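Single-structure report; data block below.
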Amino acid sequence: MTHYLDQLNDVQKQAVLQKDGPMIIIAGAGSGKTRVLTYRIAHLMKNDVDPFNILSLTFTNKAAREMKSRIASVVGQSEAKNLWMGTFHSVFARILRSESEKIGFPSNFTIYDTQDSVRLLTAIIKELQLEKDKYKAKQVLGRISQYKNSLITVRAYYNSPELLEADKLSGRPQMGKIYKEYVDRCFKAGAMDFDDLLLRTNELLTRFPVVLAKYQDRFRYIMVDEYQDTNHSQYLIVRALADRYQNICVVGDDSQSIYSFRGANIQNILNFQKDYDDVKIFKLEQNYRSSKVIVEAANSVIEKNKTKLDKEIWTANAEGERVIVMRTYSEGDEGRFVADSIFENKMQNQLTNDVFTVLYRTNAQSRAIEDALRKKDIKYRIYGGLSFYQRKEIKDTLAYLRLLVNPNDEEALKRVINYPARGIGQTTIDKLTVAANHYKKSIFDILLNLELVDLKINSGTKIKLENFANMIRSFQIEMESKNAFEITDAVLKKTRLIKDIELEGTPEAISRVENVQELLNGIKDFIEVQKEKEEEASLSYFLEDVALATDFDNEKDDIPRVSLMTIHLSKGLEFPYVFIVGLEENLFPSAMSMNTRSEIEEERRLFYVAITRAEKQVFLSYAQSRYRWGKLIDCEPSRFLEEIDEKYLKYITPKKSIVQSNKFIDQNIFDDIPQHKIRFKKPVQRVIQKSKARKNDSIKNEPPKNLKKLTTTITGKDKTNLFDNNLTVGNIVEHAKFGRGEVIHLEGNGNNKKAEIKFESGNTKKLLLQFAKLNIIA
DNA sequence: TTTTCAAGAATTTTT
DNA sequence: TTCTTGAAAA
């Protein structure tokens with residue numbers, strides 16, 4: 001086997017060999033950054049640095065796992081095991097577990113995910129009787145997140161005239177009150193949100209010099225990956241920990257900073273040299289990933305940004321295919337283009353699905369792509385969006401487990417106190433909350449002391465509450481003798497949660513039951529893996545893992561699939577063929593990020609990231625019209641398309657079109673869109689060449705047939721539209737719930753069309769055809 | 001208290 | 001178009 005140092009180029013080698021002192025590695029896209037990081041760590045270990053003394057912070061758990069296994073292959077499994085490696089959130093959550101009591105949190109503190117936070121804020125806003133239109137929980141959370149990431153505590157907030165003024169101006173003068181209540185409630189519940197994991201770590205390190213010294217001494221060598229996307233809170237943690245030994249190595253690429261919306265501060269990387277003395281700089285500029293065309297096309301884009309560090313990315317790789325640009329009529333067409341291209345490429349080049357990825361700006365765009373892939377029977381996997389652990393049935397199950405571990409967890413309690421339904425309604429919960437706030441206790445404490453507080457609830461409800469509390473307590477006792485898997489199983493049986501889902505009897509219910517089973521399997525796996533690693537397999541640790549898990553962490557070996565994800569999620573990944581869809585103004589760049597130069601620059605970096613994921617070829621596409629909230633809107637091509645040097649592009653026109661619309665599509669509606677003429681009339685110049693070159697004879701200058709279109713739409717969409725047209729008075733229909741009946745009257749139009757039906761049971765009902773799933777019997 | 005239906009909002013990006 | 005929310009009915 002060749003020595004690992006021989007697998008590196010000069011700069012890479014220097015970076016690996018640089019052992020001590022502050023250093024920064026500016027790593028262009030595809031420049032072998034991970035390789036340098038892993039070998040650097042391996043090299044440290046080979047040179048007498050104890051793995052216990054190395055801290056490596058990555059952007060995702062997946063990156064940490066991969067790096068760890070690559071290091072293990074150089075230095076051996078048992079050595080690599082002791083490395084501290086993970087995301088900021090997971091590493092410091094782990095540290096907080098052992099230190100949290102110093103700052104008033106129990107060691108079994110809960111981690112609130114975004115949904116928990118939003119729910120809590122919604123409750124608080126309601127309790128404070130604020131207008132919920134002014135105070136939208138999500139926005140309020142975003143604001144609080146900003147404070148926390150900038151280390152602005154409630155007190156600091158009230159001491160800052162600027163912040164008070166800013167919130168007043170934006171119509172939210174009560175932000176301080178909400179912020180305070182939110183922090184207090186989290187504290188009382190023994191819960192930390194994502195931002196708290198960093199904020200409280202900072203608190204711990206600042207307030208307790210002994211603790212700081214302990215971890216400074218422990219982490220003698222610190223590495224931070226994706227440094228361009230660290231926020232202020234993370235920045236301070238790193239500074240504090242590195243202060244003693246100054247062995248800090250940060251890696252990143254300012255051109256790939258794409259997380260400013262969640263507080264990432266690009267200045268952290270731009271100013272690194274000012275923060276430490278005698279910083280060594282390494283620039284990895286050779287790209288090993290992508291073809292020349294891709295590297296240079298990407299360069300031509302990022303050049304347009306003013307704020308950036310000086311570097312020149314180049315590659316020795318082959319020229320490669322040009323970037324394909326595809327104009328389509330609609331999102332449906334765009335999807336078909338993607339599916340067709342994947343299909344063609346697979347056939348021509350004997351490829352499997354997993355070499356393709358489709359990237360988009362917003363999650364909502366995935367649907368059209370999914371539909372098209374499904375029609376072509378191409379298997380795919382979506383990353384992000386609603387992840388496994390965010391599904392209702394999973395969150396419900398987990399909420400029980402959370403409550404067992406930490407009965408003060410308010411959000412978990414509110415989630416399950418009446419699920420499955422046990423007759424404890426909103427009014428009762430409100431009363432409990434008021435009492436809990438009044439006595440400064442958790443709701444569970446109130447439940448345990450019902451006779452001491454006068455809640456003005458009737459005795460029936462009181463018994464229900466007592467039963468619930470007793471059930472939770474008995475689980476807690478059981479938990480002492482059972483492992484995580486057994487206790488979960490017991491909870492599911494006792495609460496009849498699965499039975500409750502099955503009761504719905506729908507096909508979706510079946511898959512939801514399967515999800516819960518899957519969760520059980522997951523717990524079993526977790527126990528086994530932890531045993532292998534000789535680590536604790538407690539329920540508490542499992543819940544922590546789950547709270548910080550991302551979609552990538554739940555990946556199963558399966559058949560090869562096309563990957564679908566947002567560009568943000570694709571950071572750090574690479575794929576041979578990359579489709580970037582929806583290159584339209586207001587979508588990409590997003591309408592929300594077109595106000596300032598820096599916002600546009602971030603969007604451009606996002607585009608840069610997207611292009612540079614590709615090894616072999618990039619496909620860009622945009623639609624001329626797109627559905628938004630059920631309405632068809634016209635779209636303009638993205639400015640980014642013009643920013644790519646044209647010599648790297650190849651324009652393709654659609655072969656044929658199926659315009660998916662409920663509306664009667666008249667050719668004329670395209671007339672005010674000049675590009676459209678390419679399609680039916682004369683193509684503009686650069687398109688002529690391409691269509692000639694491709695012998696694209698499938699363009700027959702033939703307007704789409706309206707009749708056909710309509711049929712396609714109807715059969716392709718839900719069938720109720722069909723009934724809408726066909727149903728007449730006198731029809732005998734069957735309804736899933738109510739059984740058979742006769743249509744005795746029709747009213748309304750389109751989506752509002754209703755049928756009055758006399759059922760065999762004798763009941764007469766008015767049903768909206770849009771929703772009612774009726775089968776026509778006669 | 002629970003269920004049902006109609007009206008209204010909703011789309012950046014995520015640990 | 002689809003999801004969430006709120007009021008009214010059961």
Side-chain angles (χ1 to χ4, degrees), chain A residues 57-63 86-93 111-115 117-118 122 126 132-133 136-138 141-142 145 148-149 192-198 226 229-231 233-234 258-264 331 359-368 383-387 390 418 421-429 458 460-461 464 547-553 565-571 582 586-594 599 602-603 605-606 609-610 626-633 660-662 717-718 737 751-752 754 765-768 770-772:
Chain A
L57 296 165
T58 55
F59 199 70
T60 62
N61 297 310
K62 188 187 174 207
T87 62
F88 273 92
H89 291 86
S90 64
V91 166
F92 295 111
I111 298 173
Y112 274 178
D113 68 9
T114 308
Q115 204 183 353
S117 299
V118 168
T122 310
K126 199 168 154 197
K132 64 169 190 235
D133 295 335
K136 297 204 171 126
K138 265 190 197 158
L141 179 64
S145 177
K148 287 186 175 177
N149 286 328
M192 297 199 199
D193 65 17
F194 288 135
D195 303 316
D196 283 330
L197 294 175
L198 307 174
E226 307 283 8
D229 281 322
T230 50
N231 62 34
S233 196
Q234 293 168 321
I258 55 175
Y259 278 98
S260 72
F261 70 91
R262 69 173 210 217
E331 54 197 327
L359 305 180
Y360 33 78
R361 179 66 235 270
T362 66
N363 280 306
Q365 288 167 260
S366 71
R367 173 163 295 160
Y383 294 85
L386 191 66
S387 82
Q390 285 166 350
N418 195 35
R422 47 177 77 87
I424 303 171
Q426 193 55 51
T427 327
T428 311
I429 295 172
N458 65 44
T461 312
K464 287 171 188 164
L548 299 175
T550 61
D551 228 9
F552 290 115
D553 302 324
M565 67 186 86
T566 62
I567 302 170
H568 282 90
L569 273 182
S570 76
K571 192 172 77 161
N586 296 321
L587 183 58
F588 191 17
S590 157
M592 322 291 280
S593 311
M594 310 215 310
E599 280 178 343
E602 176 144 328
E603 293 286 305
R605 289 193 293 267
L606 199 52
V609 167
R626 191 174 283 279
Y627 275 103
R628 222 176 156 190
W629 301 335
K631 276 202 202 103
L632 198 64
I633 54 154
Q660 296 212 338
S661 164
N662 290 330
K717 296 280 169 175
D718 67 24
K737 232 188 210 159
N751 285 348
N752 281 322
K754 289 173 208 161
K765 296 212 186 279
K766 253 185 208 175
L767 299 168
L768 265 177
Q770 184 186 181
F771 298 114

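Because the structure is predicted, anything quoted here is derived from the model rather than measured. Order of the sequence lines fixes the chain letters, A, B, ..., with proteins taken first and strands second; residue numbering starts at 1 for each chain. As a basis for the values below, the full set of heavy atoms in this structure was taken, side chains included, without hydrogen atoms, waters or symmetry mates.
- When the P atom of B:dT15 is taken as reference, atom CD1 of A:I258 falls 11 Å away, rounded to whole Å.
- Closest contact between the side chain of A:F194 and the listed nucleotides B:dT2, B:dA10, B:dT15 involves B:dT15.
- Taking atom C1' on both C:dT5 and B:dT12, the two are 23 Å apart, rounded to the nearest angstrom.
- Using a 4.0 Å heavy-atom cutoff across all strands shown, A:R605 reaches no nucleic acid atom at all.
- Residue A:N363 is classed as a sugar-phosphate contact, given heavy-atom separations below 4.0 Å to backbone atoms only.
- Between A:S590 and A:H89, the residue whose closest nucleotide on DNA chain B is further toward the 5' end is A:S590.
- Closest to the A:R262 side chain, of the nucleotides C:dT2, B:dT12, B:dT15, is B:dT15.
- Base pairing in DNA chain B yields stems of at least 3 consecutive Watson-Crick or G-U pairs, both distances under 3.5 Å, namely B:1-10 with C:1-10.
- Of the side-chain N and O atoms in A:T566, one or more sit less than 4.0 angstrom from OP1 or OP2 of B:dT14.
- The side-chain heavy atoms of A:N231 and A:D195, taken from C-beta on, include no pair separated by under 4.5 Å.
- Side-chain contact between A:T362 and A:Q365: present, with at least one pair of heavy atoms (C-beta onward) separated by less than 4.5 Å.
- Residue A:Y259 has its side chain nearest to B:dT14 when only B:dT1, B:dT14, B:dT15 are considered.
- A:S593 comes within 4.0 angstrom of a nucleotide base, judged by non-hydrogen atoms across all strands.
- Regarding A:M594, its CE atom lies at a distance of 16 Å from the C1' atom of B:dT13, rounded to whole Å.
- Between A:L359 and A:M565 the shortest side-chain heavy-atom distance falls below 4.5 Å.
- The separation between A:Q234 atom CD and B:dT15 atom P is 12 Å, rounded to whole Å.
- Judged by centroid separation below 5.5 Å and plane tilt below 30°, A:F261 stacks onto the base of B:dT13.
- Contact check on A:R367 versus A:E331 returns no salt bridge, with no Lys/Arg side-chain nitrogen under 4.0 Å from an Asp/Glu carboxylate oxygen.
- Nucleic acid contact class of A:N418 (heavy atoms, under 4.0 Å, all strands): sugar-phosphate only.
- Atom-to-atom, CG of A:L569 to C1' of B:dT14 comes out at 7 Å; the value is rounded to the nearest Å.
- Using a 4.5 Å heavy-atom threshold, the side chains of A:S590 and A:R361 count as touching.
- Between A:K464 and A:L548, the residue anchored closer to the 5' end of DNA chain B is A:K464, taking for each the nucleotide with the nearest heavy atom.
- When rounded to the nearest whole Å, the span between CD of A:Q426 and C1' of C:dA7 equals 15 Å.
- Taking atom CH2 of A:W629 as the reference point, atom C1' of B:dA7 lies 16 Å away to the nearest angstrom.
- For A:K136, the side-chain atoms get nearest to B:dA10 when compared with the rest of B:dT15, B:dA10, B:dT12.
- Nucleic acid contact for A:T428: sugar-phosphate only, since backbone atoms but no base atoms lie under 4.0 Å from a heavy atom of the residue.
- Whole-Å rounding puts the A:F588 CZ to B:dT12 P distance at 15 Å.
- In this entry the distance linking NZ of A:K138 with C1' of C:dC3 reads 10 Å, nearest Å.
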